[in-house]
Amino acid sequence: MIDLKRLRQDPAGSRTSLMRRGDPSVATAIDSILELDRQRREFLVRTEAIKAERNAASDEVARRKRAKESAADIMEGLKSSGEEVKLLDIKLRDIEAELDSLALTIPNFPDERTPEGDASANRLIRSWGQPPAFDFVARPHWELGASLRLFDLPAGVKVAGSGFPLFTGMGAKLGRALASFMLDLHTSEHGYLEIAPPYLVNRATLTGTGQLPKFAEEVYTCSPDDLFLIPTAEVPVTNIHRDEIIEAGALPASYVACTPCFRREAFSHGKDTRGLIRVHQFDKVELVRIVRPEDSVAEHERITTHAETVLQRLGLPYRVVELAAGDTGFASARTYDIEVWAAGVGGWLEVSSSSTFTDFQARRANMRYRPSPKAKPEFVHTLNASGVAFPRTIIALLENNQAADGSVRVPDALAPYLGADRLTPRA
RNA sequence: GGACAGGUGGCCGAGUGGUUGAAGGCACCACCCUGGAAAGGUGGCAUACCUGCAAGGGUAUCGAGGGUUCGAAUCCCUCCCUGUCCGCCA
C-alpha cells in the first residue's frame with residue numbers, strides 16, 4: 001500500500017514517480033483516491049462532531065442517573081441523533097471501502113535509481129563466470145532430461161496438465177539435493193532461519209504481499225474454501241509478522257523456505273513453453289528479510305549476494321540485471337534479476353528476482369517495529385530474493401555441464417547431496 | 001463433524017449496561033536510593049485516524065461483523081479462532 005499521506009501532501013511528485021512504471025491508468029486512479037480522501041475527511045469531521053455531542057449528552061444522562069434525577073428529556077433528544085450517526089457511519093464506511101480497494105491497486109513508488117523505461121532499458125550490473133564452449137552441438141535440457149530419465153513430461157501432462165513436470169529417479173533426487181544444498185548454505189553460512197510454511201494461504205496473506213486484489217488471475221484458488229496456492233514462499237513467510245509490532249532486537253529477521261510454487265501464468269501462454277523453462281508448479285528456495293528502513297538499501301545488496309552465492313558454488317555463469325521502472329514488479333521499489341546462462345537453449349534465464357519492497361508490503365500487512373523503547377512504531381522494510389528457483393537451475397546444470405556422450409557432470413558442491421558426480425544415460 | 005469452555009493492551013490478568021481506554025501484575029523508560037548493581041521507592045508507558053502553527057482537542061478500537069439501548073468490553077445473533085472431550089482420519 002502506498003502512503004496516502006505522501007500522496008496527499010505531494011500529489012504531483014507522487015504521480016510523476018508512479019508514471020515511471022508506464023501505466024497511464026494509475027493517473028486517474030490517483031485522482032479518484034485524492035477526491036475520495038477529501039470526501040472521507042469531510043464526512044469524518046461531521047460525524048465526529050455529532051458523536052462528540054452525543055457522548056457528552058450520554059455522560060450527562062449517567063451523571064443525572066447517579067444523582068437520582070430524571071434524564072428523560074435528554075434521552076428523548078438523543079434518539080434521533082443515533083439514527084443520524086448511523087447513516088453517516090454507513091456513508092463514511094462506503095467511502096473508506098472504495099478508497100481502500102482503489103489504494104490497494106496502486107503499485108509501489110519505484111526507487112529513484114531505477115532506470116527509466118521498459119524492459120529494454122534494464123541495466124546490466126555485473127556478470128560472473130564464462131559460458132562454456134563445446135566442440136559439439138549443445139543439446140537442450142528436454143533432450144538431456146529424457147535420455148537421462150530425469151523427468152517424464154508426458155506423464156505430468158497426463159496426471160495434471162501441461163506445465164506440471166514430473167521428475168523421476170535421479171531427476172527427483174536432484175530436487176532433494178538442490179533443496180538440501182541451498183537450505184544448508186543459507187542457514188549455516190548466511191544465518192537464515194529455516195521455515196516450512198503452509199502452501200495454502202488466506203486472502204489477507206495474499207493481500208499483504210500484494211498479489212491480491214490485482215493479480216487474482218495469477219493464483220490458483222481452492223473452491224469452496226477461501227484459500228489460495230502460494231505462488232512463492234515469499235507470501236506465507238513475509239506474512240509471519242502481519243499485524244505485529246516486532247521487537248527491535250529481532251531485526252533484521254531473515255527467513256529461508258523451500259516450497260513448491262504454483263502459478264497460473266495466465267498471460268504467458270505460448271511463451272517459453274518448451275521443457276522446464278516456464279511451468280505452473282516448481283520448487284524454489286526463497287530468502288526473506290525484514291529490516292529497519294535505514295538498512296534496506298544495504299540489505300538489498302546483501303540478499304542479492306546470498307542468491308548469487310548459490311550459483312557460484314554450482315559453477316553456473318550468471319549476470320545481474322537491474323530492472324527498469326517499467327519492468328519492476330507491482331510491490332517492488334527496486335529489483336535485481338539474476339539470470340543464469342543455459343547453453344542448450346542458448347540464453348539467459350531468470351533464476352532469481354531480488355527485490356526491496358520498502359514499506360509497501362509492511363503497510364499492507366501492518367508490520368511495524370519500535371525504533372527505541374519509547375518511540376512510535378514505524379513500518380519495517382521487507383525484501384526477498386529467490387535463492388534460487390529449481391527448474392531453471394536444473395536446466396543450466398544439465399545444459400552447461402553436458403558432455404559429448406550425453407552424460408552430465410555434477411558440480412562438486414552438489415555431488416555429496418546427490419550421491420553422484422556424473423549423470424549417465426542408461427543403455 | 002458434535003458438545004462444552006474461552007478470545008480484553010507488548011505479555012499475563014480483573015471487569016455488577018453509565019467518569020472503564022480499560023483495575024492489578026510483568027516487561028519497558030525516567031528519576032530517587034547505591035561506590036556500582038540487585039532489591040526497594042516515585043512517576044511514566046496502547047494504537048489508528050481527524051483537527052490545530054503549537055499546546056491541545058476530538059473520534060474509534062476489549063477476536064470480526066450485525067442487533068438491542070440515550071449509552072455495550074458487559075445483553076442478543078452470525079461468523080472466525082483457541083482449548084478440552086467425543087467421533088472420523090494419514
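As the structure is a prediction and not an experimental result, all values here were calculated from the model. Numbered from 1 within each chain, the chains take letters A, B, ... in sequence-line order.
Computed from coordinates, the A:Glu53 CD to B:G58 C1' distance equals 12 Å when rounded to whole Å. Following rounding to the nearest Å, A:Asp225 (CG) and B:C80 (P) show an atom-to-atom distance of 11 Å. Rounded to a whole Å, the NE2 atom of A:His241 is 15 Å from the C1' atom of B:G10. Rounded to an integer number of Å, the gap from A:Met1 CE to B:A48 P is 15 Å. For the pair A:Asn202 CG and B:C81 C1', the interatomic distance rounds to 12 Å; values are reported in whole Å. Spacing between atom OH of A:Tyr369 and atom P of B:U47 amounts to 15 Å, rounded to whole angstrom units. One atom, CZ of A:Arg370, and another, C1' of B:G10, lie 7 Å apart when rounded to the nearest Å. One atom, CG of A:Leu4, and another, P of B:C49, lie 10 Å apart when rounded to the nearest Å.
Side-chain N/O atoms of A:Arg41 include one lying less than 4.0 angstrom from OP1 or OP2 on B:U51. In this structure, A:Arg368 reaches the B:A48 phosphate: one of its side-chain N or O atoms is under 4.0 Å from OP1 or OP2.
If you run side-chain contact (heavy atoms from CB on, under 4.5 Å) between A:Phe379 and each of A:Met367, A:Gln361, A:Arg363, only A:Arg363 comes through. Each of A:Val26, A:Asp118, A:Asn108 was compared with A:Arg21 under the side-chain contact (heavy atoms from CB on, under 4.5 Å) criterion, and only A:Asn108 meets it.
In a base pair of the Watson-Crick type (N1 to N3 plus N6-O4 or O6-N4) or a G-U wobble (N1-O2 and O6-N3), with each distance short of 3.5 Å, B:U59 is matched with B:A48. When both pairing distances are held under 3.5 Å, B:G10 makes a Watson-Crick or G-U pair with B:C26. Base pairing of B:U68: no nucleotide in any strand meets the Watson-Crick or G-U wobble criterion (both distances under 3.5 Å). Under the Watson-Crick and G-U wobble criteria, each requiring two contacts below 3.5 Å, nucleotide B:U74 is left unpaired. Shown here, B:U20 forms no base pair; nothing in the strands shown gives a Watson-Crick or G-U wobble contact with both key distances under 3.5 Å. The partner of B:G1, taking Watson-Crick or G-U wobble pairs whose two distances both stay under 3.5 Å, is B:C86. Pair assignment for B:A39: none, as no Watson-Crick or G-U wobble contacts are both less than 3.5 Å.
With both ends at atom P, the span from B:G10 to B:A5 equals 29 Å, rounded to whole Å. Annotation: B:G58 and B:G15 have their C1' atoms spaced 27 Å apart (nearest Å). When the P atom is used for both B:G2 and B:U78, the distance is 13 Å, rounded to whole Å. Rounded to whole Å, the C1' atom of B:G67 lies 22 Å from the corresponding atom of B:C81. On the C1' atoms, B:C31 is 15 Å away from B:C45, given to the nearest whole Å. Taking atom P on both nucleotides, B:A90 is separated from B:A3 by 25 Å, rounded to a whole Å. Using atom C1' as the reference point in both B:U47 and B:U42, the two lie 27 Å apart (nearest Å). B:C4 and B:A39: their C1' atoms are spaced 46 Å apart (whole Å).
Taking the side chain of A:Ile245 as heavy atoms from C-beta on, and the options B:A48, B:C50, B:G10, the nearest nucleotide is B:G10. Of the candidate nucleotides B:G18, B:U47, B:C50, B:G18 has the atom lying nearest to any side-chain atom of A:Ala62.
Along RNA chain B, the nucleotide closest to A:Pro377 and the one closest to A:Thr47 are compared, and the more 5′ of them pairs with A:Pro377. Along RNA chain B, the nucleotide closest to A:Ala56 and the one closest to A:Leu44 are compared, and the more 5′ of them pairs with A:Leu44.
Side-chain contact of A:Arg289 with A:Tyr192: a donor-acceptor pair under 3.5 Å is present, judged by distance alone. No side-chain donor from either of A:Asn55 and A:Ser58 sits under 3.5 Å from a side-chain acceptor of the other. Side chains of A:Gln39 and A:Glu98: a donor-acceptor N/O pair is absent below 3.5 angstrom, by distance only.
A:Arg8 comes within contact range of the sugar-phosphate backbone alone, with a heavy-atom separation under 4.0 Å but no base atom that close.
Between A:Tyr220 and A:Phe262, the ring planes are perpendicular. Angles over 60° get that label, and only those under 30° would be called parallel.
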Nucleotide-resolved protein contact map, nucleotides 60-75 of chain B, B/S/- at heavy-atom distance under 4.0 Å: S-----S-S-BS----
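Rounded to the nearest 0.5 angstrom, A:Leu193 CG and A:Thr187 OG1 are separated by 9.0 Å. Atom CZ of A:Arg46 is separated from atom CG of A:Leu88 by 5.5 Å, given to the nearest 0.5 angstrom.
Looking only at distances, a side-chain donor or acceptor of A:His300 sits under 3.5 Å from a matching main-chain atom of A:Ser354.
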